[in-house]
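A short write-up of the structure that comes next.
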Amino acid sequence: MASPSELRTPQAVTSALIVKGALANVLGFPIGGTTIGTHYSEGHRVRLTVQIGQAPDPTETQFIQVAETINTILAANQPVHVFKLARHQAQTSYKNAMYNRHAVPESVTELTIAYIEKIAFSCTAEAVVASTGMVGAITINKTKFRSAKKELEIQYTVSTPSESGPAVLAVTKENDETLPSSEAISLLNSDTVRQASGGEGNEKRGNGGNIGSASGEGGQVVTPWEVEGDQEIDYDKLIKSFGSMRITESLVSRIERLTNRKCHRFLRRGLFFSHRDLTQLLDLYEKGTKFYLYTGRGPSSESLHLGHLIPFHFTRYLQEAFDVPLVIQLTDDEKFQFKQGLALEECHRLAYENAKDVIACGFDVKKTFIFSDLDYIQYLYPTVLKIQKLVTFNQARGIFGFTESDSCGKIAFPAVQAAPSFPSSFPVPLKGCLDMPCLIPCAIDQDAYFRMTRDVAPRLGCKKPSLIHSKFFPGLEGKGGKMSASAEQSAIYVTDTGKKIKTKISRAFSGGQETAELQKELGADLEVDVAYQYLTFFSEDDDELETIGKEYKAGRMMTGQVKGRLIELLTAMVKEHQDRRATVGDEILREFMRVRELEF
Ligand code: TYM
């Protein structure tokens with residue numbers, strides 16, 4: 001049994017502010033002095049009792065509006081502010097708006113007040129989350145109106161996805177810079193029906209990914225559709241807000257021991273930096289349980305760019321090192337739903353084009369099955385349906401930031417990317433081994449899909465898939481983003497000629513100084529230098545990389561020299577890729593994409 005204080009989680013406490021605010025908005029009663037009590041019980045259930053002026057509409061339409069208002073507030077992911085304020089100052093500015101029915105003892109001279117614009121303004125003794133989207137979903141179970149006392153009791157359940165990571169708490173501010181105006185609170189404390197603000201967040205894709213994104217202070221957004229930041233991506237912050245685990249040196253050593261070979265440079269250099277349940281997967285592997293690998297590509301462009309090679313090169317290493325089967329999903333359906341101006345037939349064609357690039361990364365045909373969703377959906381569909389049944393619109397909105405104006409196709413899609421995480425999707429390739437654990441290598445932008453997947457897994461009676469996440473290979477302009485097919489100018493494609501690569505690298509963002517003299521004096525900033533960053537991804541030679549880093553940083557090497565070395569390396573690597581791709585004829589392609597038993 002959880003103690004009362006354990007039941008008052010920041011999400012639950014914030015939910016009460018939101019539900020009260022939605023009720024006050026729709027039914028039109030003042031927020032001050034109207035909360036009679038809040039009771040938290042097991043199963044994330046909350047019972048809130050408020051004093052309302054008049055009986056609610058007996059047709060229940062008002063409660064439909066309340067539910068809609070709650071959802072709007074959750075989806076808007078509005079900030080929750082917490083202020084510390086001298087009691088006399090609070091009373092002068094805001095009268096009694098922050099109090100509930102239970103008096104705050106006279107001895108308290110400083111109040112802690114939680115504030116959500118147009119929704120809530122209330123003294124709080126408990127921690128609250130930093131924004132409304134972090135609460136998860138709220139489902140109203142029951143309402144009861146006691147007409148004699150004009151008391152309304154509302155019972156509801158809060159479901160915060162268990163994969164959303166630890167709660168990010170609102171920061172308590174001591175200064176009054178952002179205090180709301182007394183007029184704003186007076187309006188909130190009136191008995192008029194008000195319009196809860198959806199806020200601009202309502203339409204923001206990245207913001208809606210409140211759980212899926214780390215947005216806010218540092219200005220970074222990381223979702224499957226958008227990676228953006230004012231500055232360098234803060235990967236520590238992502239680990240915290242996504243609730244994943246850092247890959248430690250000892251985990252890297254363990255992989256080396258288990259596979260009996262030196263780890264891939266991506267692991268040695270911390271470029272694959274985060275994981276979920278990798279340790280458990282390795283425990284099973286050590287006891288003789290083979291896992292399968294699952295990764296994918298959304299075919300939105302004719303060919304892959306260098307960023308896409310990161311998970312595929314790494315997956316190839318994993319396949320070889322652990323000697324395990326691999327499935328690769330080509331989400332032509334996803335690209336059709338999410339990308340404007342792409343015909344379905346074109347997405348399907350691009351899937352086949354991209355498959356050739358994927359094959360050119362060197363996978364073992366006997367152990368690898370590549371499929372287009374359009375072709376393979378009949379095998380996925382039973383698992384897709386079971387997943388879809390377990391995820392409410394509210395949850396999908398909480399994880400991915402969908403809004404009412406998103407198509408049903410988008411909302412239904414995440415289950416399609418989730419399904420291959422379960423062996424039931426591969427009755428033939430995995431030969432009916434329904435208990436096989438799954439490991440998913442990907443860049444961290446895809447994590448939202450798999451938080452949802454891991455959340456439903458136990459309810460499907462399945463193992464949660466494990467994940468291993470990479471950092472982003474940056475675009476040519478550097479800073480705060482990733483190489484992306486939607487920013488064509490920032491990308492180097494595996495189809496680029498040597499000449500094109502040279503031109504692109506020559507104009508890549510440099511952390512070196514403007515003149516040779518300054519460079520000698522000040523040296524380069526390696527963190528932001530695109531050429532150096534690219535070398536950390538693609539140069540196999542640890543010693544050479546270390547020397548270049550040392551010399552360039554100290555100003556003994558010029559930007560031109562570093563770029564020159566990179567051009568040489570990339571030209572050879574891309575040429576090798578192109579040569580391998582040229583050997584991928586229709587027959588090889590068909591074999592990789594044929595539904596057949598894999599060897600393991
Ligand atoms: P897509 O096509 O956007 O990307 C394919 C894979 O490449 C990774 N990636 C990057 N990695 C490092 N640096 C970059 N700049 C960079 N850009 C993209 C992505 O994280 C991804 O691993 N919905 C997915 C397709 C998919 C999938 C999967 C991916 C379906 N099932 C399972 C991973 C695992 C997509 O559109 O990926």
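Atom set for the values below is all heavy atoms of this structure, side chains included, hydrogens, waters and symmetry mates excluded. Just so you know, residue 1 is the first one in the sequence shown, and it goes up from there. For ligands, and for the atoms within them, numbers begin at 1 and follow the listed sequence.
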Any salt bridge linking [X] with [Y]? Criterion: basic side-chain nitrogen under 4.0 Å from a carboxylate oxygen.
X: D525; Y: K553; result: no
X: K237; Y: D234; result: no
X: R590; Y: E587; result: no
X: K504; Y: D496; result: yes
X: D542; Y: R265; result: no
X: E540; Y: R268; result: yes

May I ask you to list the atoms of ligand 1 that are less than 4.0 angstrom from any heavy atom of [X]?
X: I440; result: 34 (C)
X: K471; result: 12 (C)
X: K335; result: 36 (O)
X: F472; result: 13 (N)
X: D445; result: 19 (C), 20 (O)
X: T331; result: 25 (C), 30 (C)

Taking non-hydrogen atoms only, is [X] closer than 4.0 angstrom to ligand 1 via side chain, backbone, both or neither?
X: Q446; answer: side chain
X: Q417; answer: side chain
X: I444; answer: neither
X: F537; answer: neither
X: E334; answer: side chain
X: P311; answer: side chain
X: T295; answer: both

So, is [X] polar-close to ligand 1, with some N/O to N/O distance under 3.5 Å?
X: H305; answer: no
X: R297; answer: yes
X: F473; answer: yes
X: M483; answer: yes

In terms of residue, atom name and distance, what is the protein heavy atom nearest to [atom]?
atom: atom 35 (C) of ligand 1; answer: G298 N, 3.4 Å
atom: atom 10 (C) of ligand 1; answer: G307 O, 3.5 Å
atom: atom 18 (C) of ligand 1; answer: H308 CD2, 3.6 Å
atom: atom 5 (C) of ligand 1; answer: G296 O, 3.5 Å

F450 heavy atom under 4.0 Å from ligand 1: yes

R451 and D447: CA distance, side-chain angles, deciding distance, salt bridge (charged side-chain N to carboxylate O under 4.0 Å, His left out) verdict: CA-CA 6 Å; R451 283 196 297 274; D447 189 63; 2.5 Å; yes

F312, W225, F413, Y294: member with heavy atom nearest to atom 31 (N) of ligand 1: Y294

Salt bridge (charged side-chain N to carboxylate O under 4.0 Å, His left out) between R581 and E353, worked out: CA-CA 10 Å; R581 191 188 195 275; E353 284 309 306; 3.0 Å; yes

N/O donor-acceptor pairs under 3.5 Å from side chains in residues 344-351, not counting sequence neighbours:
unit_1: E346; atom_1: OE1; unit_2: R349; atom_2: NE; d: 3.1
unit_1: E346; atom_1: OE2; unit_2: R349; atom_2: NH2; d: 3.0
unit_1: H348; atom_1: NE2; unit_2: D375; atom_2: OD1; d: 2.8
unit_1: R349; atom_1: NH1; unit_2: E302; atom_2: OE2; d: 3.0
unit_1: R349; atom_1: NH2; unit_2: E302; atom_2: OE1; d: 2.9
unit_1: R349; atom_1: NH2; unit_2: E302; atom_2: OE2; d: 3.4

Residues which pass ring pair (Phe, Tyr, Trp, His ring centres under 6.0 Å) with Y292, listed by chain and number, not counting sequence neighbours: none

Lys/Arg cation over aromatic Y381: K386, 6.0 Å, 45° cone: no

E334 vs K339 side-chain heavy atoms within contact, under 4.5 Å: no

Salt bridge (charged side-chain N to carboxylate O under 4.0 Å, His left out) between D323 and K290, intermediate numbers included: CA-CA 9 Å; D323 187 25; K290 274 219 167 158; 3.5 Å; yes

